[in-house]
K.L.:
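Pasting a structure here, questions to come.
By convention in this document, chain letters (A, B, ...) are assigned in the order of the sequence lines, proteins followed by strands, and residues within each chain are numbered from 1. Note: hydrogens, waters and symmetry copies are ignored here, and every other heavy atom, side chains too, is used.
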There are 2 protein chains.
Amino acid sequence: MPRNSEDVRYRMQIAALELFTQNGFDQTTAAQIAARAGVTERTFFRHFPDKREVLFVGQEILSAALTESIRQAPAELPPIAVLRRAFADVTPLLEGNRRFSEPRRHIIAANPALMEREVAKHAALVGVVADALQKRGIVPARAAFAAQAGLAVLGHAVDLWFGKSARSLAQCLAEAFEELDLFVAAAGGS
Amino acid sequence: MPRNSEDVRYRMQIAALELFTQNGFDQTTAAQIAARAGVTERTFFRHFPDKREVLFVGQEILSAALTESIRQAPAELPPIAVLRRAFADVTPLLEGNRRFSEPRRHIIAANPALMEREVAKHAALVGVVADALQKRGIVPARAAFAAQAGLAVLGHAVDLWFGKSARSLAQCLAEAFEELDLFVAAAGGS
DNA sequence: TCTCTTTATGTCAGCCACTGACATTATAAG
DNA sequence: CTTATAATGTCAGTGGCTGACATAAAGAGA
């Protein structure tokens, strides 16, 4: 019965990426994005609660995927191993989205309001992951800490991946976890 | 030569707190705040870059005070001790602002857009503190970690302080640091 | 093929956050 | 009592975002 709503949504995301890259976020109006996608401004705001959110829809998919992987992990695994596994599980998802997430990064980094939203989304993701760990019986404080540290590692891995190297995301993840190990080992000193 | 600009700014902050508490953030217009302070909407936006910011001006003072205390701390102190000292230094500042920070908390907690700003400000504060620690010769990774952990302790202390107890902020800080010690000691197990 | 129903979209009016440009006041220095 | 300076007032305008109602697309059933 419904129209092809997914398609419209996708076209608006693409249009937004193009326009934001060309002219910047502030210089692009919601009406322009909608027009390029062949719809009306009103339709834009029916799909996205605000103009910024057109850049952050993928985050929820990642959030759900991580939660699911954590839920299904073997019961005997310690928190860090659970996260390692979860990150490996979402690797294809992240790799498939690189085309979009790379310009997205530049757009966000260039705009304070978008940085604000990004930070908030990150905090929310940390909370979701911490909750998922808690449901495995891990005490809240340790779950929160593991979530924070784990997502820091994931973020670092993605940073490496977006660097000019040709390494795969899986390799970058392995490197990032190794750096964490080195850091923890070195901290034994003081 | 200038008019009493500080006074106007202060009146707008008070007016905003009152109106936000009474009617909520979204239901209060910038023009209403300005009118209650005896000025124009335009003047409001000359003092605050946006409507939310009227609730976040104190943050910069705290940020500056912390940075200064960290800079002046004895060279031999380890990061956590530096932060402990800095938090003690800003205790009177925080205690003097309790009248405002308490309603502020409720207003912010009730509004997602304000929570977003709060999270961003917190992240910025962590960055500033980490920088200040770095300038004392602490390596970036450890400085960032100490800043994050330290501000978590401070936040927890303030949470305790805002609880229904009659404890002083200094007492709450001591308790929060003790909890950190216990947590670290317990983590020795795994 | 023709309804009929459901859902997405179009249209329109309107509020409010925020800004630029220029005029006007208050304050303190002389 | 001037006068220079910084703060405020005034006004018009843009754009984000919303509610209400009308319209169009697409599938289900006759």
K.L.:
Rounded to whole Å, please give me the gap between CD in A/E41 and C1' in C/dG10.
P.N.:
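It is 12 Å, rounded to the nearest whole Å.
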K.L.:
Of the nucleotides C/dG10, D/dG15, D/dT8, which one has an atom closest to the side chain of B/R3?
P.N.:
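For the B/R3 side chain, the nearest candidate turns out to be D/dT8.
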K.L.:
Rounded to the nearest angstrom, tell me the gap between atom CD1 in A/I33 and atom C1' in D/dG16.
P.N.:
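Taking atom C1' of D/dG16 as the reference, CD1 of A/I33 is at 11 Å.
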K.L.:
Between D/dC17 atom P and B/Q27 atom CD, what is the distance in whole Å?
P.N.:
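So the two atoms are 17 Å apart, to the nearest Å.
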K.L.:
I need the CG-P distance between B/D26 and C/dA17, as an integer number of Å.
P.N.:
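Going from B/D26 (CG) to C/dA17 (P), I get 9 Å.
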K.L.:
If each of A/R46 and B/F44 is mapped to the nucleotide of DNA chain C with the nearest heavy atom, which maps nearer the 5' terminus, i.e. the 5' end?
P.N.:
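Comparing both residues, the 5'-ward one is A/R46.
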K.L.:
Rounding to a whole Å, what distance do you find between A/F48:CZ and D/dT18:P?
P.N.:
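To the nearest whole Å, that distance equals 14 Å.
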K.L.:
When all nucleic acid strands are considered with a 4.0 Å heavy-atom cut-off, which category describes B/N4: base, sugar-phosphate, or nothing?
P.N.:
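Answer is nothing: B/N4 stays at 4.0 Å or more from every strand.
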K.L.:
So if I take every side-chain heavy atom of B/F45 and compare against D/dC17, D/dG9, C/dA17, which nucleotide ends up nearest?
P.N.:
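Nearest to the side-chain atoms of B/F45, counting from C-beta on, is C/dA17.
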K.L.:
For the side chain of A/T40, starting at C-beta, report the closest nucleotide among C/dA17, C/dG10, D/dG16.
P.N.:
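Of all the options, the side chain of A/T40 is nearest to C/dG10.
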K.L.:
Give the rounded distance in Å between these two atoms: CZ of A/F25 and P of D/dG15.
P.N.:
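Between P of D/dG15 and CZ of A/F25: 14 Å.
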K.L.:
Using a strict 4.0 Å threshold on nitrogen-to-oxygen distance, state whether A/R11 and A/D7 make a salt bridge.
P.N.:
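Result for this pair is yes, salt bridge flagged.
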K.L.:
For B/F20 and C/dA17, what is the distance between atoms CZ and C1' respectively, to the nearest whole Å?
P.N.:
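So the CZ-C1' distance, B/F20 to C/dA17, works out to 12 Å.
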K.L.:
Counting just side-chain N and O atoms, does A/H47 come under 4.0 Å of either OP1 or OP2 of C/dT9?
P.N.:
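Checking A/H47 against C/dT9: at least one side-chain N or O falls below 4.0 Å of OP1 or OP2.
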K.L.:
Separation of B/R52 atom CZ from C/dC18 atom C1', in whole Å?
P.N.:
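One finds 13 Å between C1' of C/dC18 and CZ of B/R52, rounded.
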K.L.:
To the side chain of B/S5, which of C/dG10, D/dG16, D/dA7 is closest?
P.N.:
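Per side-chain heavy atoms of B/S5, the pick is D/dA7.
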K.L.:
Does either side chain, that of B/Q171 or that of B/E175, offer a donor lying less than 3.5 Å from an acceptor on the other one?
P.N.:
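Per modelled atom types, B/Q171 and B/E175 side chains form no pair under 3.5 Å.
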K.L.:
If we ignore angles and hydrogens, is there a donor and acceptor under 3.5 Å between the side chains of B/Q22 and B/E18?
P.N.:
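Not at all, the side chains of B/Q22 and B/E18 share no donor-acceptor pair under 3.5 Å.
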K.L.:
Taking only N and O in the side chain of B/T43, is any of them less than 4.0 Å away from OP1 or OP2 of D/dG9?
P.N.:
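Looking at the OP1 and OP2 atoms of D/dG9, one of them is under 4.0 Å from a side-chain N or O of B/T43.
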K.L.:
For DNA chain D, whose closest nucleotide is more 5', that of A/T28 or that of A/R42?
P.N.:
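The answer here is A/T28.
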K.L.:
Look only at the side chain of A/T67 and the backbone of A/S63, and say whether a donor-acceptor pair between them is shorter than 3.5 Å.
P.N.:
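Checked: pair present.
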K.L.:
Under a 4.0 Å N-O cut-off, is there an ion pair linking B/D159 with B/R105?
P.N.:
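Result for this pair is yes, salt bridge flagged.
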